[in-house]
Amino acid sequence: MSLLTDLSAIVGAAFERLGLDAALGEVVRSQRPELGQFQCNGALAGAKAAGRNPRDLASAVVEQLAAEPMIARLDLAGPGFINLDVTDGCLADRLAALAADDRFGVQQESPRKVIVDYGGANVAKDLHVGHIRVALIGESIKRMFRLAGHDVIGDVHLGDWGAPMGQLITEMEDRFPGLPYFDPDHEGGYPERSPVTIEDLQEMYPEAARKVADDPDFAARSRAATVALQAGRPGYRALWEHFCAVSIEALRSVYDALGVEFDLWLGEASVHDRIAPMVERMKDGGVAHVSDGALVVEVAKPDDSREIPPLMLVNSRGAFTYATSDLATIEERVDDFAAQEIVYIVDLRQSLHFEQVFRTARLAGMAGDDVILDHSGNGTVNGPDGRPFKTRAGGIPRLRDTIAEAIARAATRLDESDLATEYPEAERQEIARRVGLAALKYGELANHRASDYSFDLDRFTQLQGKTGPYIQYVTARASSLLARAAHLGFVPGDPAPPGNDAERALIIELAHFPEVFDRALTGRAPNVLAEYAYDLAGRFNRFYDACHVLTEADEGRRSSWLRLVETTLRELALVLDLLGIEVPQRM
Ligand code: ARG
């Protein structure tokens, strides 16, 4: 139970004793800490419902609470707000409970099977800076679900099956017609070694796309190649497998560098065999019907506020679409993985697509009411000038270059601030890596996923202000305080009642984590955690300045403070871990 739920229960019981709804007793953190630590505003709504004077009701509630052992001080403000402080003994008990709990008060939810679909990288294409959003947001949301106790699977869900595959095959055939992949009469196996590198593919991809636009013959051959690939032509399949393998290897190295880990490396192709029977079933069941030579599903509803066009299941050329593949994937996830919730971290610009797919999945029975389908969309990344991100040369920066640059800048920042200078070189590099990644990740995750933001490594890598490196610096400060204490033979002990406001504020902040976590998970909003990490770091700094732990003569007080430091460090590290950020031991 969290501090706020306990307080709400106590104040709720007071309302109940007065014949009113217990829910009115909801206690929240005070908006104005100078008036009290917590507040309850329920008397205003309660008075309205009961036709009473709000201030009278509030003072009746205060009277009811007079003997509560957890509450140290109560008063009335304005038209009927109740302000309250808890006792220092209560705060000491809270700290003891938090110190003994690896989840810091977060309740285990009843476990669901959740699939988080994030990544969405495409075969033959490099990751660019824009891909950082989905990767980092998805990773964080996956970790949150895990902490809540759910059984979570992260799927990269590669784009590996659409029209670009036929375009690449056609481009290859034009360049290397003698390869066995193109000989329909080829007997036996195909070479094990890939005929192309990832660099070749990345160069061919835009070239082929350009030809599709300029050259109708190339476009027609590409379409035919896609159809033949999907129909299982062995040479094309063998070549395509090489495309996938070299792409996955390259993608993996970037995701690894970011610390983003997928449990599944499935893609659109994985569900290919499900598509034909699924389409057949939808036709037979009357869910899909023919319109202008295509097979479509009407998904509009009478009360739609925007126009939702029919979902295209099979287009007029007989090809399956992106939507068909996502539908078959829902079927696969529900049937084979027993998914109860599927969360898509995908660009907001695809929201219509997901709306159509989700509605169709409900209509066609792929997902019953017991399966949650959720598109938690993200906005885009802009450059520091607020305009679409471009390098000096005009392209979009490659993600691997961005990561390297963040780490290099972190190293420079550390040098400029005289941090980590006398540590061994390998440790310095590891610190720079952690700090650089923290800069990148915090810079991303501090923004609500749905809003666009300006990508600015200069700002992100600063050691002061609302940045990842600043928060890491605070954790390093706590670590080194604990290390110095241990060196002096001082160890954390039982929490004693706090003796000053900085200490009280830090404990109250620590105890707030369950509500913060709840809000972050429900809203699929890592920025709520990012904000909290910053607040917690600030509270710790104020405590650190106010309480001189190592020179404190009272042993009980000192060991209690060390417990507070140790607990803050562990909780902050957990919050950062939910954001994918690693803390250095020292800086
Ligand atoms: N590969 C897609 C793209 O580049 C994103 C895939 C997202 N996931 C999904 N299940 N549709 O737009």
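First listed ligand is number 1; within each ligand, the first listed atom is number 1. In this chain, residues are counted from 1 in sequence order.
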Query raised in the report: Tell me, which protein residue and heavy-atom name are nearest atom 8 (N) of ligand 1, and how many Å apart are they?
Result: Asp117 OD1, 3.1 Å

Query - Proximity of Phe354 to ligand 1 by residue part, where a heavy atom lies under 4.0 Å - result: side chain

Requested in this report: Please determine if Tyr322 has a nitrogen or oxygen closer than 3.5 Å to a nitrogen or oxygen of ligand 1.
Outcome: yes

Requested in this report: Indicate whether any N or O donor in one side chain lies under 3.5 Å from an N or O acceptor in the other, for Glu298 and His289.
Outcome: yes

Query raised in the report: Below 6.0 angstrom between ring centroids: does that apply to Tyr534 and Tyr442?
Result: no

Query - N or O pair under 3.5 Å between Asn122 and ligand 1 - result: yes

Requested in this report: May I ask you to decide if the ring planes of His353 and Tyr322 are parallel, tilted or perpendicular, using 30° and 60° as cut-offs?
Outcome: parallel

Report summary line: Taking only non-hydrogen atoms of His157 and a 4.0 Å limit, the atoms of ligand 1 in range are 8 (N), 9 (C), 10 (N)

Report task. Give the numbers and elements of all ligand 1 atoms closer than 4.0 Å to a heavy atom of Tyr344. Result -> 10 (N)

Query raised in the report: For ligand 1, is there an N or O atom under 3.5 Å from any N or O atom of Val346?
Result: no

Query raised in the report: So, does Asp155 use its side chain to make a donor-acceptor pair with the main chain of Leu266 at under 3.5 Å?
Result: yes

Query raised in the report: Considering only protein heavy atoms, which is closest to atom 9 (C) of ligand 1, and at what distance to one decimal place?
Result: Asp326 OD1, 3.5 Å

Report task. Quick one: look at Asp347 and ligand 1, take heavy-atom pairs under 4.0 Å, and tell me if it's side chain, backbone, both or neither. Result -> neither

Report task. Answer yes if the side chains of Gln462 and Tyr470 hold a donor-acceptor pair under 3.5 Å, and no otherwise. Result -> no

Query raised in the report: Mind checking whether Tyr181 and Tyr190 have parallel, tilted or perpendicular rings, split at 30° and 60°?
Result: parallel

Report summary line: For Gly120, the ligand 1 atoms with a heavy-atom partner under 4.0 Å come out as 1 (N), 2 (C), 3 (C), 4 (O), 5 (C), 6 (C)

Report task. Determine whether the side chains of Thr170 and Arg221 contain a donor N or O and an acceptor N or O closer than 3.5 Å. Result -> no

Requested in this report: Could you tell me the residue and atom name of the protein heavy atom closest to atom 12 (O) of ligand 1, and the distance to it rounded to 0.1 Å?
Outcome: Gln350 NE2, 2.8 Å

Report summary line: Checking heavy atoms under 4.0 Å, the part of Leu158 that sits near ligand 1 is neither

Query raised in the report: Do Phe460 and Phe455 have ring centroids that are under 6.0 Å from one another?
Result: yes

